[in-house]
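I have placed the structure first, in the form of structure tokens, so that the comments after it can refer back to it.
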Amino acid sequence: MERIAIICLQSFLKALNLIMGIVGISMILYGIWMIRVWQRDMEGQSFDDFCSINPWFICSFIGIGVTFCLITCLGHIAAASANGFCLSFYMLITCLLLLLETAIAADIQLNSEWEKDLPDDPTGRFHDFKKFVKSNFDIFKWIGIWIISAQVSSALLAMALRALGSNQGYSYDNDGEFLSDRLPLINHRVQAPAYVIGDPPFAAKYDPVKPTAYAWNTNK
């Protein structure tokens with residue numbers, strides 16, 4: 001029964017972890033599209049102007065997508081192996097990501113001038129992305145709720161899987177430790193202690209006059 005529960009938790013963790021992978025791949029593809037649009041806008045300018053521009057928003061967007069994909073790979077490995085160290089590391093990364101997302105969301109909600117804390121985007125992609133989010137705010141709101149729910153559920157499933165895996169490993173250790181102490185209920189034979197009856201281990205010197213004395217007479 002415990003093995004079935006572990007398999008179910010592994011499947012659920014992989015399914016929830018796949019959501020972060022889909023989000024990460026989508027962000028990478030959207031970042032590549034922004035690079036193509038930015039290169040098309042920069043066709044008429046010189047190479048020096050192209051190198052002087054710092055596309056921080058595009059690089060950050062792609063970096064977040066790559067981070068999500070790496071966390072997805074880590075979660076898949078941790079779920080497949082059910083290793084305690086991998087699950088603990090996955091829970092730590094997921095909790096840190098949740099704290100970072102909560103801090104960013106709180107700063108956006110509480111600070112009305114949060115855009116001034118960011119550097120200027122010379123590519124203009126940040127402004128376009130902000131307009132796109134505002135025009136589809138309801139869709140992005142539900143996407144954000146699904147991402148947060150998947151991350152929280154993944155952390156809880158990893159915690160449960162780690163607990164079940166450690167209990168199963170402890171029971172296996174106990175089975176191996178006390179296996180030699182267990183005795184069969186059928187055909188159990190108690191071995192009698194071995195007693196040696198005969199000559200002493202250090203026989204006396206042979207005396208032709210005095211006959212050798214035995215503890216027991218075997219002829220009786």
Side-chain angles (χ1 to χ4, degrees), residues 1-36 54-109 114 117-119 121 125-126 129 132-133 136 139-174 176:
M1 187 65 183
E2 186 176 357
R3 183 60 182 170
I4 297 175
I6 290 176
I7 294 174
C8 293
L9 288 176
Q10 287 176 330
S11 301
F12 290 148
L13 181 57
K14 290 178 182 179
L16 289 174
N17 195 45
L18 190 62
I19 296 176
M20 294 183 62
I22 294 173
V23 173
I25 293 173
S26 302
M27 294 181 70
I28 292 173
L29 293 177
Y30 187 75
I32 294 173
W33 177 81
M34 287 192 295
I35 291 175
R36 296 292 300 171
N54 182 19
W56 65 268
F57 177 71
I58 299 176
C59 295
S60 301
F61 204 85
I62 296 176
I64 294 173
V66 172
T67 303
F68 277 8
C69 291
L70 292 177
I71 294 175
T72 301
C73 294
L74 177 62
H76 186 80
I77 294 172
S81 62
N83 183 269
F85 176 76
C86 293
L87 289 170
S88 299
F89 187 67
Y90 175 72
M91 286 188 294
L92 177 63
I93 296 297
T94 305
C95 292
L96 291 177
L97 184 61
L98 285 170
L99 291 175
L100 181 61
E101 292 171 350
T102 304
I104 293 174
D107 183 66
I108 292 174
Q109 291 293 329
W114 60 272
D117 298 332
L118 301 175
D121 182 25
R125 296 300 99 196
F126 176 71
F129 181 74
F132 179 68
V133 171
N136 301 277
I139 297 176
F140 278 93
K141 181 180 69 176
W142 285 108
I143 290 175
I145 292 173
W146 275 105
I147 293 173
I148 298 297
S149 301
Q151 291 173 354
V152 173
S153 301
S154 298
L156 294 176
L157 287 176
M159 188 182 302
L161 184 60
R162 183 180 180 275
L164 287 177
S166 61
N167 291 335
Q168 188 180 24
Y170 178 74
S171 63
Y172 287 163
D173 293 339
N174 289 340

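If you're wondering where the values come from, they're calculated on a predicted model, not measured in any experiment. These values consider heavy atoms only, across backbone and side chains, with no hydrogens, waters or symmetry-generated copies.
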*Are side-chain heavy atoms of Phe12 and Ser153 found at a separation under 4.5 Å?*
no
*Interatomic distance, Cys8 atom SG to Leu164 atom CG [nearest 0.5 angstrom]*: 11.0 Å
*What's the shortest heavy-atom distance between Asp121 and Phe126, and which atoms?*
OD2-N, 2.8 Å
*For Gly84 and Arg162, which heavy atoms make the closest approach, and how far apart are they?*
O-NE, 3.6 Å
_Close side-chain approach of Leu70 to Ile93, heavy-atom, < 4.5 Å_ = no
*Looking only at heavy atoms, which two atoms of Leu161 and Gln10 are closest? And how far apart?*
CD2-CG, 3.8 Å
_Ile25 side, atom CD1; Met27 side, atom CE - distance, nearest 0.5 Å_ = 12.5 Å
_I need the Ser154 OG to Ile19 CD1 distance, nearest 0.5 Å._
7.5 Å
_More than 12 heavy atoms from other groups under 6.0 Å of OH on Tyr30_ = yes
_Min side-chain heavy-atom separation Leu13-Leu87 under 4.5 Å_ = yes
_Side-chain donor or acceptor of Asn17 paired with backbone N/O of Thr72 under 3.5 Å_ = yes
*Below 4.5 Å, heavy atoms only, C-beta onward: do Arg125 and Pro55 meet side chain to side chain?*
no
*With rounding to the nearest 0.5 Å, note down the distance linking CE in Met20 to NE2 in His76.*
15.0 Å
*Are Ile145 and Trp142 close enough that some pair of their side-chain heavy atoms sits under 4.5 Å apart?*
yes
*Could you tell me the separation between the CG atom of Leu97 and the OG1 atom of Thr102, rounded to the nearest 0.5 Å?*
9.0 Å
*If you measure from OG1 on Thr67 to CD1 on Ile62, what distance do you get to the nearest 0.5 Å?*
11.5 Å
*Should the pair Phe129 and Phe57 be assigned to parallel (<30°), tilted (30 to 60°) or perpendicular (>60°) ring geometry?*
tilted
*Kindly give the heavy-atom pair with the smallest separation between Pro119 and Trp56, and that separation in Å.*
O-CZ2, 3.2 Å
*How close do Lys14 and Ala79 get, heavy atom to heavy atom, and via which atoms?*
CG-CB, 3.9 Å
*Report yes if the side chains of Ile28 and Phe68 come closer than 4.5 Å at any heavy-atom pair, otherwise no.*
no
*Pairwise side-chain contact, Ile104 with Leu100, heavy-atom cut-off 4.5 Å (strictly under)*: yes
*asked:* Could you check whether any side-chain N or O of Asn136 sits under 3.5 Å from a backbone N or O of Ile139, counting only pairs where one atom can act as donor and the other as acceptor?
replied: no
*Looking only at heavy atoms, what is the nearest atom pair of Phe61 and Gly31, with distance?*
CD2-N, 4.2 Å
_Counting neighbours of CH2 on Trp146 that are heavy atoms of other residues, nucleotides or ligands and sit closer than 6.0 Å, is the number greater than 12?_
no
